[in-house]
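When reading the values below, keep in mind they use all heavy atoms of this one structure, side chains included, and skip hydrogens, waters and symmetry mates. Numbers here simply count residues along the sequence, with the first being 1. If you're wondering where the values come from, they're calculated on a predicted model, not measured in any experiment. Counting convention: from 1, in listed order, for ligands and their atoms alike.
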Amino acid sequence: MSVEIIHKNKVWLSSPHMGGSEQSFVAEAFSQNWIAPLGPNVDGFENDLELFLGNNSKVALLSSGTAAIHLGLNLLGVSKGDDVICQSFTFSASANPIYYVGANPIFVDSEKDTWNLCPILLEKCILERIQLGKKPKAIIAVHLYGMPYKVDLITAISEKYDIPVLEDSAEALGSMFNGVNCGTFGDISILSFNGNKIITTSGGGALITKNLDIKYRAVHLATQARDSAPHYQHSQIGYNYRMSNVLAGIGRGQMEVLPQRVKGRRRNYEIYAKHLSNIDSIEFLDEPKGYFSNRWLTCILTKSFELREEIRNALDAENIESRPLWKPMHMQPVFNDAITYDNGVSEDLFNRGICLPSGTNLPTEDLLRTVEIIKKTVK
Ligand SMILES: *Cc1c(COP(=O)(O)O)cnc(C)c1O
C-alpha cells in the first residue's frame with residue numbers, strides 16, 4: 001500500500017491551469033508542420049498580447065522572461081562596465097542578465113505601500129552615482145507578486161534623470177495602474193510564461209516595446225542576428241531566444257482564459273483576506289487607490305519570523321506548499337559584492353512574509369483547509 005493514500009492531497013503554490021483550447025492550437029501547428037520557431041501561432045499569440053495590452057504595444061515572443069530581460073538590456077545599450085539599478089526585492093532572474101552583459105548591479109530597496117522599488121531611495125541612489133561621476137544606464141523595476149510599482153513616481157524619476165526603465169512585468173500580466181496595463185510602462189517591458197505564472201506556455205517570455213523597430217531588432221537578436229543575405233552573414237552577436245510555434249499555440253489558448261485567471265487569483269486573495277484579515281498577527285497588502293493587482297500569489301505578513309516559520313511548517317505537515325517571500329538580491333551570496341541602497345524594508349518582508357497556495361485550479365476546500373491550519377497555528 002502506498003503512503004500517498006494516507007497523505008492529504010498535495011496543494012501546490014501555483015500550478016499550470018489550461019483553459020481547453022491550447023491543444024487544438026498545438027495540433028494545428030503539427031498538422032501544418034509549423035514546428036519551427038516561426039509560424040502562425042507566434043504571430044497569433046503576439047497579436048493577442050498586443051490587443052490585450054493596448055497602449056500601442058509591440059510584442060516579440062521569446063524563450064523566457066530572463067531572455068527578454070537580457071535582450072532588453074542589450075537594446076537599451078547597456079554594456080560592459082555599466083551600472084544598472086535593480087529592485088532588490090525580486091526573483092534572481094530580474095538581476096542575472098545584468099551580469100550576462102558584463103554590467104554591475106546596484107540594488108535598491110523597497111517601500112511599504114507596494115513592496116516595490118522605493119522612489120525616495122531610487123532618487124538618492126541616482127544622485128549619489130551621478131555625483132561620483134557615473135550615471136546608471138538603466139533601472140529595472142518589478143511589479144512583484146502582481147502589485148504594480150509606483151509607476152507615476154518611478155517614471156517621473158526616469159524622465160527627470162533620463163535613465164530608461166526596464167519594466168519587469170513577469171508576475172503582473174493582467175495588473176493595471178490607473179486603468180493602464182502593466183507591461184506597457186517601461187522603455188522596454190517584459191513578461192514571463194513560465195510554468196508558475198498566471199498564464200503559461202510551459203516556458204516562454206515576451207519583450208514589449210512601443211517602437212516597431214525595437215521589436216524587429218529584438219526578433220533579429222533572438223534569431224542569431226542573421227543579416228539579410230543568401231548566405232549566413234552576421235554583423236552582430238546573436239542569440240537563440242525565439243519562442244517556438246508549438247509553445248506559442250499553448251499561449252493562444254491561455255489568452256482566451258486570461259481574464260478568468262485574473263478573476264480567479266483575485267478571488268483566492270479575497271477568500272484568504274475574508275478569513276484571516278481580522279487576526280492581529282497577520283497583515284495583507286491592500287491595493288492603494290488606482291492600483292489593480294492580478295494577485296498572482298496571495299502573500300501574508302506575520303508578526304514575527306518565528307510565527308512565519310510555524311505557519312510554514314504546519315502547512316508543510318499537511319502537504320500544503322507555501323514559500324517565504326523572495327529573498328532580496330542584496331542578501332544573496334551570489335550578489336555579495338554589489339552596491340546596495342538598503343532601508344531594511346525588503347529584509348523585514350522576507351523575514352515575516354509567506355506566499356500561500358494561489359493557483360486558479362485549487363478547489364475552495366483546499367483554500368479553506370489552508371485557512372484553518374493558519375488559524376490553528378496562530379492561536
Ligand atoms: C519568473 C520571473 C522572471 C523570469 O522569467 P522566466 O520566464 O522564468 O525566465 C523574471 N522576473 C520575475 C520577477 C519573475 O517572477
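- Checked by distance only, ligand 1 and G65 come closer than 3.5 Å through their nitrogen or oxygen atoms.
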Exercise. Apply side chain to side chain donor-acceptor pair (under 3.5 Å) to N294 and R265, showing your working.
Key: CA-CA 7 Å; N294 69 7; R265 297 264 172 178; over 6 Å; no
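- The part of A170 lying near ligand 1 is the side chain, judged by heavy-atom distances below 4.0 Å.
- Aromatic rings from H330 and F335 are positioned such that their centres are separated by 6.0 Å or more.
- With hydrogens left out, the protein atom closest to atom 9 (O) of ligand 1 is T66 OG1, 2.5 Å, a heavy atom.
- Counting protein heavy atoms only, atom 15 (O) of ligand 1 is closest to E171 OE2, 2.6 Å.
- An N or O contact shorter than 3.5 Å links S192 to ligand 1 by distance.
- Of all heavy-atom pairs between A103 and P105, the closest is O-CD, 4.0 Å.
- Here the side chain of T370 pairs a donor or acceptor atom with the backbone of D366 at under 3.5 angstrom.
- Note: no N/O pair closer than 3.5 Å links N196 and ligand 1 by distance alone.
- Comparing D168, T200, L191 by heavy-atom distance to atom 11 (N) of ligand 1, the nearest is D168.
- For ligand 1, the polar-atom distance check against W326 finds no nitrogen or oxygen pair separated by under 3.5 Å.
- Under a 4.0 Å N-O distance rule, the pair K160/E123 qualifies as a salt bridge.
- Note that R266 lies in the cation-pi zone of F292, set by a 6.0 Å cut-off to the ring centre and a 45° limit from the axis.
- Atom 1 (C) of ligand 1 has its closest protein heavy atom at K197 NZ, 1.7 Å.
- Every N/O-N/O distance between W296 and ligand 1 stays at or above 3.5 Å.
- Near S64, meaning under 4.0 Å from any of its heavy atoms, are these atoms of ligand 1: 7 (O), 9 (O).
- Classification of R369 and E318 as a salt-bridged pair holds, one side-chain N sitting under 4.0 Å from a carboxylate O.
- Proximity of G204 to ligand 1 is established by a heavy-atom distance of less than 4.0 Å.
- Within the listing of ligand 1, atoms 3 (C), 4 (C), 10 (C) sit less than 4.0 angstrom from a heavy atom of A93.
- Residue contacts with ligand 1 for V142 involve side-chain atoms from C-beta outward but no N, CA, C or O (heavy atoms, distance under 4.0 Å).
- For the pair K10 and W12, the cation-pi criterion (under 6.0 Å, within 45° of the ring axis) is fulfilled.
- Of all atoms in ligand 1, numbered sequentially from 1 with element shown, those under 4.0 Å from a heavy atom of T90 are 13 (C).
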Quiz item: Where do N211 and D213 land on the side chain to side chain donor-acceptor pair (under 3.5 Å) test, with the steps shown first?
Solution: CA-CA 5 Å; N211 180 333; D213 184 52; 5.3 Å; no
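- A cation-pi arrangement is not found for R295 relative to Y145, the charged atom failing to lie both closer than 6.0 Å to the ring centre and inside a 45° cone about the ring normal.
- At least one heavy atom of S94 lies less than 4.0 angstrom from ligand 1.
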